[in-house]
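The structure appears below as structure tokens.
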Amino acid sequence: MRWTQTLIPTLKEAPADAEILSHQLLLRAGLVRKLAGGLYTFLPMGLRVLRKIEAIVRQEMDRTGACEVLMPALQPTDIWKKSGRYEQAAQVLFKVRDSKQREWLLGPTHEEVITTLAASEISSYRQTPINFYQIQTKFRDEIRPRFGLMRAREFIMKDAYSFDSSDEAAQVSYQKMYDAYVRIFERCGLKAFPVEADTGVMGGKFSHEFMVPAQTGESEVAYTEDGKYAANLEKANSGGPQVATPSDAEQPLEKFPTPDVRTIEDLAGAPFNVPASRQIKTLVFIVENKPALVLLRGDDHLNEAKLAGTFGTVIFRPAQAEEILPLLGANPGSLGAVGVRSGIPIYADELLRNASGMTTGANEDGFHLRHVSVNRDLPTITWKDLRTVREGELSPHGQPLRIRRAIEVGHVFKLGTKYSVAMEASFLGDDGQRRPLVMGCYGLGLTRTLQAIIECRFDANGIIWPKTVAPYVVCITPLGVEPASEVMQLAEKLYAELSALGVEVILDDRNDRPGVKFKDSELVGFPLRIAIGEKSLKLGQVEFAVRDGGAKDAVPIESAVARVLEFLKA
RNA sequence: CGGGCCGUAGCGCAGACUGGUAGCGCGUCUGAAUGGGGUUCAGAAGGUCGCGGGUUCAAAUCCCGCCGGCCCGACCA
């Protein structure tokens, strides 16, 4: 490719709305342009990188024996109603109407479609195991698209769906995908690591996310230095907090005035001085239109993912003050579970089990209760792990937990039979019995992976692409472009020879200053630049500049091609 | 969904408080010089000041509404 024949609109300055570095570099290097919030056009360089990543993903998927299909992005709503996700996932669904006012949706994922296919086409255990994958555009009505391709309304994803005849067989399919993901991210130059994850709206038995460590990541991961434990913060549990919950001296329950106390902190401060760890935090939720109380220790943070698991639905929200007053008789700030009328389910975090000597709201504005004993004073409680772990706590295997931010680039789920039961996808086993297919699903964000690579590989001058995904591997930079000049003729000759050898090479034939061309080639991030100028030419040499590490080397003209091939192999 | 900030040339911004000829840098175009790190000089093009309404002799500027963008929040009772 000749630079003047393609479009590489580099920018000196980053657009103001690009927050994180990878987003700025995407725009500055001329890889993409924004059409609207969360919607991007891929320009030639960006598209080439995307295609490279796609090719790696395809190769690794094919290697596992998965077969490629392509499903419609536009989907009928009835299959989503059948699976229950028309309501469950309503927040992220893009719905459209046709001219007859019939409703459709733009698929955020394809479990419903593939399971419908399996229901009609897979009827015998002899057809399993089978794994379908596709590379497709997905649509999600994100409440807040941001960070460029990281959280977009429209994005490209590889999704795969395995169908097996038993749990054990499904486990094998799951492991194959897990292994393929490790290889894919490694080939993309990413240090991705798997962590235990919450299954969320997808449902299913368990899952792993593949995370790339990055300050700007939207996920938080709890892990131990010994590498034996890693989990999404939404999923992570620990051996308990550093401060134990009191369960000693039982004293009579006592109401005391607490005017102007509205928060845990207020009560922890003078004159009350009740440590947060001795308070019970009382939260009120509306779960599918019915109230529920959630109790946590005062110093703990609720984990919403765990709460969703407890409720068995994602359709819940914190109650409003106007809803709480008639329910409990007090406003937020003085709430508690002591004496709450039966009929309101109460969920409490495990840490409060057997707690006594606690303080909580009295359900009367301006009053709290002290010496609360959970066993003595509270009604029936459902105990669950509901708290978010904190840095420094011990992991389940006894090592200190650390927390870091990361970008989620892939997610593999063992789904079980959730969808096959709902969509009636069953098969006949070798014993003649009809059973639901056992499923797994495996997502990998291609566009997000692209940006994650940038987020992990850049320097002050721009992007540093690994050879495996670079838009072009070699950039030939003649420092003069007069067609008749020796410089340009050598550039053309090298360009032709390398192209003929199948090397992906771009010729910077712009009539620009050397500085401009050098800066641009580094900003876009080509792994190898070959500069040809009159000075080096006189010495019979060209200059090799390796983007990653910045090594420069004078190479004799006659061995240039061989050295490029060497570079490609290294 | 709630709160805050913002919308002026392709990009980054000033002008607004105190209404009166719409500016700067980068980029683009023309010409010249230069030619191994975003070079220099001369000239030029490019703006319904997000949209609609209002106040006013006069609105980028003040007021109202809408649209769009960004940030924070949407457990912290």
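Just the heavy atoms: all of them, side chains too, but no hydrogens, waters or symmetry mates, feed the values below. The sequence lines fix the lettering, A, B, ..., with proteins before strands; numbering per chain opens at 1.
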Report summary line: The side chain to side chain contact (heavy atoms under 4.5 Å, CB included) partners of Asp299(A) (sequence neighbours excluded) come to Ala276(A), Ser277(A), Arg297(A), Arg390(A)
Report summary line: Pro345(A) meets the side chain to side chain contact (heavy atoms under 4.5 Å, CB included) criterion, sequence neighbours left out, with Ala292(A), Tyr347(A)
[N] pairs with, by Watson-Crick or G-U criteria that keep both distances under 3.5 Å:
N	value
G37(B)	none
G7(B)	C67(B)
G27(B)	none
G2(B)	C72(B)
A45(B)	none
U21(B)	none
A59(B)	none
A16(B)	none

I need the [atom1]-[atom2] distance between [X] and [N], as an integer number of Å.
X	N	atom1	atom2	value
Leu295(A)	C75(B)	CG	C1'	13 Å
Ile286(A)	A74(B)	CD1	P	18 Å
Lys12(A)	C26(B)	NZ	P	8 Å
Arg387(A)	C76(B)	CZ	C1'	15 Å
Ile280(A)	C76(B)	CD1	P	18 Å
Glu13(A)	C13(B)	CD	C1'	8 Å
Asp349(A)	C75(B)	CG	P	17 Å
Phe367(A)	A77(B)	CZ	C1'	18 Å

Could you give the distance separating [M] and [N] at their [atom1] atoms, to the nearest angstrom?
N	M	atom1	value
G20(B)	A58(B)	P	14 Å
G27(B)	U18(B)	C1'	35 Å
C63(B)	G19(B)	P	12 Å
G54(B)	A60(B)	P	15 Å
C29(B)	G10(B)	P	15 Å

Just the table, please: protein N/O against nucleotides 66-70 of chain B N/O, every pair under 3.5 Å.
none

Would you list the protein and nucleotides 30-36 of chain B atom pairs, both N or O, that sit under 3.5 Å from each other?
| unit_1 | atom_1 | unit_2 | atom_2 | d |
| --- | --- | --- | --- | --- |
| U34(B) | O2 | Arg513(A) | NH1 | 2.2 |
| G35(B) | N2 | Asn511(A) | OD1 | 3.3 |
| G36(B) | O6 | Gly533(A) | N | 3.0 |
| G36(B) | O6 | Ser536(A) | OG | 2.5 |
| G36(B) | N2 | Glu543(A) | OE1 | 3.0 |
| G36(B) | N2 | Glu543(A) | OE2 | 2.6 |

[X] bridged to [Y] by N-O distance under 4.0 Å:
X	Y	answer
Lys467(A)	Glu504(A)	no
Glu218(A)	Arg146(A)	yes
Glu103(A)	Lys95(A)	no
Glu534(A)	Lys538(A)	no

Would you tell me whether [X] and [Y] have side-chain atoms, one donor and one acceptor, within less than 3.5 Å of each other?
X	Y	result
Asn354(A)	Asn375(A)	yes
Ser22(A)	Gln451(A)	yes
Gln88(A)	Thr313(A)	yes
Arg529(A)	Ser521(A)	yes

So [X], base contact, sugar-phosphate only, or nothing? Heavy-atom distance under 4.0 Å.
X	value
Arg33(A)	nothing
Asp520(A)	base
Val284(A)	base

Requested in this report: With sequence neighbours excluded, give me every side-chain hydrogen bond (donor to acceptor under 3.5 Å, both in side chains) pair touching residues 377-386 of chain A.
Outcome: Lys306(A)-Asp385(A)
Query - Residue Phe147(A), side-chain heavy atoms: nucleotide from G38(B), C71(B), G37(B) that is nearest - result: C71(B)
Query raised in the report: Just checking, Arg153(A) and Phe94(A): is the charged tip under 6.0 Å from the six-membered ring centre and within 45° of the axis?
Result: no
Query raised in the report: Any cation-pi pair here, Arg404(A) with Tyr223(A), using under 6.0 Å and within 45°?
Result: yes
Report task. Return the orientation label for the Phe272(A) and Phe256(A) ring planes: parallel under 30°, perpendicular over 60°, tilted otherwise. Result -> tilted
Report summary line: Across all chains, not counting sequence neighbours, the salt bridge (Lys or Arg N to Asp or Glu O under 4.0 Å) partners of Asp459(A) are Arg547(A)
Query raised in the report: Residues in salt bridge (Lys or Arg N to Asp or Glu O under 4.0 Å) with Asp508(A), at least two apart?
Result: Arg510(A)
Report summary line: Residues at least two apart in sequence or cross-chain that pass ring pair (Phe, Tyr, Trp, His ring centres under 6.0 Å) with His368(A), listed by chain then number, are none
Query raised in the report: Is there a residue in residues 253-267 of chain A whose heavy atoms reach under 4.0 Å of RNA chain B, and which residues are they?
Result: Arg262(A), Thr263(A), Ile264(A), Glu265(A)
Expected rows: protein N/O vs nucleotides 40-51 of chain B N/O, under 3.5 Å:
none

Report summary line: Tightest non-hydrogen contact, residues Leu7(A) and Pro44(A), listed as O-CD, 3.6 Å
Anything under 3.5 Å between a donor and an acceptor, one on a side chain of residues 23-36 of chain A, the other on a protein residue two or more places apart or in another chain? List them.
| unit_1 | atom_1 | unit_2 | atom_2 | d |
| --- | --- | --- | --- | --- |
| His23(A) | ND1 | Gly148(A) | N | 3.4 |
| His23(A) | NE2 | Tyr40(A) | OH | 3.3 |
| Gln24(A) | NE2 | Ala18(A) | O | 3.1 |
| Arg28(A) | NH1 | Leu11(A) | O | 3.1 |
| Arg28(A) | NH1 | Lys12(A) | O | 3.2 |
| Arg33(A) | NH1 | Leu27(A) | O | 2.8 |
| Arg33(A) | NH2 | Pro9(A) | O | 2.7 |
| Lys34(A) | NZ | Asp17(A) | OD2 | 2.8 |

Query raised in the report: When the nearest nucleotide of RNA chain B is assigned to Ile324(A) and to Arg510(A) on a heavy-atom basis, which residue is associated with the more 5' position?
Result: Arg510(A)
Which atoms of nucleotides 4-10 of chain B (N or O only) lie under 3.5 Å from a protein N or O atom, and what are those distances?
none

